[in-house]
Amino acid sequence: ERCNRIFGICDRGHPAIDQVMQSGDWLVGGDLKVLERITWEDGLDEFRLSPRQLREQYKKVGADSVFAFQLRNPVHNGHALLMSETRRKLIKERGYRHPLLLLHPLGGWTKPDDVPLDVRMKQHVACLDEGVLGKDG
């Protein structure tokens, strides 16, 4: 029932559904206290920002809007066009002056034949550095 309500399906071939199904019959809720920040020591910790750190970054660069794009593959032309067009519409049609892209790659549940996360991160950084997604995005 939980999977059907969340995902609309109950296919154990999906890694997230399989994880839910393996978690047992009980859910635990309540207040969360973070004792210390988790680091993975995989060379990618600099990209793992907390919500507070993200808000500070948005303020630092003067973002008046944030739009997100989540993907599990390297950025290709279709992705770049979607992100660029979203930014354009936020400026031209919605009146924002400095919308900021939050590029959010999936790092956990990917398919075995997907490009490794560290390779994708290098490509994402290159796209941002080269201005592929906008000169000041």
Q.
Please evaluate residues Met21 and Cys10 with respect to the criterion side-chain contact (heavy atoms from CB on, under 4.5 Å), reporting the C-alpha separation (whole Å), side-chain torsions for both, the decisive distance (0.1 Å), and the verdict.
A. CA-CA 9 Å; Met21 298 295 280; Cys10 194; 4.1 Å; yes
Q: Walk me through it: do Glu93 and Arg88 pass the test side-chain contact (heavy atoms from CB on, under 4.5 Å)?
A: CA-CA 8 Å; Glu93 297 176 16; Arg88 186 196 69 76; 3.7 Å; yes
Q) After noting the C-alpha distance and the side-chain angles of Asn73 and Asp114, does the key distance pass the side-chain contact (heavy atoms from CB on, under 4.5 Å) rule? A) CA-CA 7 Å; Asn73 293 310; Asp114 282 343; 3.7 Å; yes
Q: Give the C-alpha distance, both sets of side-chain angles, the deciding distance and a yes or no for side-chain contact (heavy atoms from CB on, under 4.5 Å) between Arg94 and Ser65.
A: CA-CA 10 Å; Arg94 300 294 178 127; Ser65 175; over 6 Å; no
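By the 4.5 Å heavy-atom criterion applied to side chains, Ser23 and Gln19 are not counted as neighbours. Between Asp18 and Pro15 there is no side-chain heavy-atom pair separated by less than 4.5 Å. No side-chain heavy atom of Val75 sits under 4.5 Å from any side-chain heavy atom of Val132. Between Pro99 and Asp64, the closest side-chain pair of non-hydrogen atoms falls below 4.5 Å. Between Pro105 and His124 the shortest side-chain heavy-atom distance falls below 4.5 Å. Annotation: side chain of Lys59 is not in contact with side chain of Glu56 (no heavy-atom distance under 4.5 Å).
Hydrophobic cluster membership differs between Val119 and Val125, with clusters built from Ile, Leu, Val, Met, Phe, Trp and Tyr side chains linked at under 4.5 angstrom. Under a hydrophobic-cluster definition in which Ile, Leu, Val, Met, Phe, Trp and Tyr are linked whenever side-chain heavy atoms come within less than 4.5 Å, directly or via other members, Met83 and Leu71 are assigned to the same cluster.
Residues that satisfy the side chain to side chain contact (heavy atoms under 4.5 Å, CB included) test with Ile9, not counting sequence neighbours, are Phe7, Asp11, Ile17. Legend: residues meeting ring-ring contact (aromatic ring centres under 6.0 Å, His included) with Phe47, ordered by chain and number and at least two apart, are absent.
Atoms CD and CZ, on Glu85 and Arg87 in that order, are 12.0 Å from each other to the nearest 0.5 Å. Rounding to the nearest 0.5 Å places CG of Leu90 at 13.5 Å from CZ of Arg97. Rounded to the nearest 0.5 Å, atoms CG (Leu82) and CZ (Phe67) are 10.5 Å apart. Taking CD of Glu41 as the start and CG of Leu44 as the end, the distance is 11.0 Å to the nearest 0.5 Å. From Leu128, atom CG reaches atom CD of Glu130 across 10.5 Å, with rounding to the nearest 0.5 Å.
Annotation for Tyr58: atom OH counts as buried by contact number, over 12 foreign heavy atoms lying within 6.0 Å. Asp113 CG: more than 12 foreign heavy atoms inside a 6.0 Å radius.
Centroid-to-centroid, the aromatic rings of Phe69 and His79 come within less than 6.0 Å.
Side-chain atoms of Gln70 do not come within 3.5 Å of backbone N or O of Leu103 as any donor-acceptor pair. Checked by atom type and distance alone, the side chain of Arg120 pairs as donor or acceptor with a backbone atom of Val115 at under 3.5 Å. Using a distance-only test at 3.5 Å, with no hydrogens or angles considered, no donor-acceptor pair links the side chain of Asn4 to the main chain of Glu1.
Hydrophobic cluster membership of Leu106, counting Ile, Leu, Val, Met, Phe, Trp and Tyr whose side-chain heavy atoms lie under 4.5 Å apart directly or via other members: none, as it forms a cluster of its own.
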